[in-house]
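Report on the following structure.
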Amino acid sequence: MTRYVQPVPAPDDPYAGDTLLRSWLERQLGAAGHAAAKGRLADLAADVAGPLRAAHADAEAHPPVLVRYDPWGARVDRIDTSAGWRAQRAAAARHAVVALPYLESARGTWGAAARVVQHALLHLYGPESATFSCPVAMADGAAALLSLPEVDPSVRDAWLPRLISTDPDTAITSGQWMTESQGGSDLAGSTTTGRPAADGSWRLTGEKWFCSAADSAMAVALARPEGAGRGSRVLAPFLVPRYAADSPLAGAAAPYAPAPGVRVHRLKDKLGTRALPTAEIGLRDAYALPLGDPAQPGLVRAMTLVVVTRVHNAAAAAGGMRRGLAYARAYASARHVAGGVLSSSPLHRATLGALAVDAAGAFVLAGHAFALLGRVEVGGDPAAAAELRIVAPLAKLATGRLAVGSASEYVESFGGAGYVEDTGVPRLLRDAQVLPIWEGTTNVLALDVLRAVSREEAGPPLLRRLDAAADLARPLSPALADTLASATAELRERLAGVAADPQSVAVVAGARDLALRLAHTLTAALLVEHAAWGDEQAELAARLWARRWLRHEEIAADAHHHLELLC
Ligand SMILES: Cc1cc2nc3c(=O)[nH]c(=O)nc-3n(C[C@H](O)[C@H](O)[C@H](O)COP(=O)(O)OP(=O)(O)OC[C@H]3O[C@@H](n4cnc5c(N)ncnc54)[C@H](O)[C@@H]3O)c2cc1C
């Protein structure tokens, strides 16, 4: 008897095959702007489908190892990573995945929309980067923080060019040392302290509990400056060189040695993100450079970094959903069930169609956050800043939850093969689960949304966008326009309730539901905006999204009929 071997086709080219990505770029950048980005995007897509897919598999198969001592007993705290991880690092630099929005040439070509192009790069790069997308996010966050005018120019000049280098030989990434074991969400309990040294540098002492990308050349660490008092607002960001070569305290120590006072206790054994070294790190009078004046409340400066990493998280969620869909569709086109190909089963098509609607929604939500970020950074657009204040947590929390639900479906869509490690499919679920946790859990972000509404008047800009989208939807579909208008009316009332009594038990207990409702309604509005520009796929996705997430209706029949258009 011949042994049956399942043929598995490769998914489409991630750029050429993603019609929504392409039309989004056409609208956001204009035809000339999109044309200027095509070469970059096609090059990255080709790399992803070839060497980077292999590097991703290698990095997953060979997780990092902490080498604490050299053969002679000297403490080295070196993190050995795989060839695949190093290939991902080089590709991130070469394709300017971090650097693009900081490059003069990119700003000259695309202006504020350089962030839109960066989002497209992340959408292609992230899903099969073995979560190198994490150091990419933190390097970008650190670069944004170093770009602030409050930062000492000599510190900026020494480190920013390396963070945004496109030369793999000189490019570095950054860690972000915030979480301590007594509290990640609750930074007020941070006990890491900073004291000034005579030369203007500082010395940090404390314990950091989750330090991802611990192989990076630097980290941004939060510490409480000596005498600063309690609470989280006074915590200040410091740049800590991770290696002796970058630390003036190191003397003649070998370049691979940790900076004096920086100890890597151990690497975490995690559910997912296995190629990514996440360490527990101890600081004992570690050399550090202040990022801004430590005498001024510093959490607000650190938030520059956090906003960037949150929108990256949304990009990672949306990109992963889209790639999961591509893999599931490729598999369904090869797998035979009940006498036919799986991709012709109305039930399976409906399942994939609903996932395609979710992927489209996550994409436009993440894309909108990047577009706003660009407008804030280039030209300091106050309207964009007001909207980004609420869109960053909303995009992060809603896409994180969608990504976990979708990943579970993608694993199931492969049947038993989806549960078998060396297919690479189980990783989709493991790696999705981190998305609602790091950079703020769903509930913690929902509370941040309440603060944005009650203290920073973030509701009105959002409501204005929703009102406008309901008008735009009217000529497309009266039912869609009515759904948007009634969801917006409900939200207006709920936001007024938040503003009136933000601490009430009902408001706090309902924060997650409110945040998700805001995010889902905003997503419908963003799909409508893209549909009104003339995109047929977005119009269908808007109608199905509104029925699925705003009216909680079954969309199976439409999802089945229109699967090809939705993808
Ligand atoms: C793989 C991985 C990598 C990470 N990398 C980094 C890193 O590089 N740098 C870094 O600084 N951190 C990192 N983290 C830490 C991460 O940011 C924190 O774990 C996260 O912010 C949650 O903090 P916590 O672990 O203290 O959980 P807690 O804050 O203790 O949360 C526990 C539960 O309580 C809920 N909760 C907390 N506060 C409230 C509240 N006020 N009201 C209602 N519910 C609440 C949360 O939603 C959660 O469900 C990483 C985490 C993971 C899993």
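Ligands are counted one by one from 1 in listed order, and the atoms in each one are counted from 1 as well.
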Do any nitrogen or oxygen atoms of ligand 1 lie under 3.5 Å from a protein nitrogen or oxygen, and which ones?
from     : atom 1 : to     : atom 2 : distance (Å)
ligand 1 : 5 (N)  : Ser212 : OG     : 2.8
ligand 1 : 8 (O)  : Ser212 : N      : 2.8
ligand 1 : 9 (N)  : Gln176 : O      : 2.6
ligand 1 : 9 (N)  : Phe210 : O      : 2.9
ligand 1 : 11 (O) : Gln176 : O      : 3.3
ligand 1 : 11 (O) : Met178 : N      : 3.0
ligand 1 : 11 (O) : Thr179 : N      : 2.8
ligand 1 : 11 (O) : Thr179 : OG1    : 3.0
ligand 1 : 12 (N) : Thr179 : OG1    : 2.7
ligand 1 : 12 (N) : Phe210 : O      : 3.4
ligand 1 : 23 (O) : Ser185 : N      : 3.4
ligand 1 : 26 (O) : Gly184 : N      : 2.6
ligand 1 : 29 (O) : Ser185 : N      : 3.3
ligand 1 : 29 (O) : Ser185 : OG     : 2.4
ligand 1 : 47 (O) : Thr441 : OG1    : 2.6

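- Sorted by first and then second residue, the ring pair (Phe, Tyr, Trp, His ring centres under 6.0 Å) pairs with a member in residues 385-405 form an empty list; sequence neighbours excluded.
- Counted within 6.0 Å of CD on Glu493, heavy atoms from surrounding residues, nucleotides or ligands total 12 or fewer; the atom is thus considered open.
- Listed by first and then second residue, the side chain to side chain donor-acceptor pair (under 3.5 Å) pairs involving residues 224-236 amount to none (not counting sequence neighbours).
- Among residues at least two apart or in separate chains, ring pair (Phe, Tyr, Trp, His ring centres under 6.0 Å) pairs with a member in residues 282-319 are His312-Phe370.
- Within a 6.0 Å radius of CG in Asp157, more than 12 heavy atoms belonging to other residues, nucleotides or ligands are found.
- If you look at Tyr125 and His56, their ring centroids are not closer than 6.0 Å.
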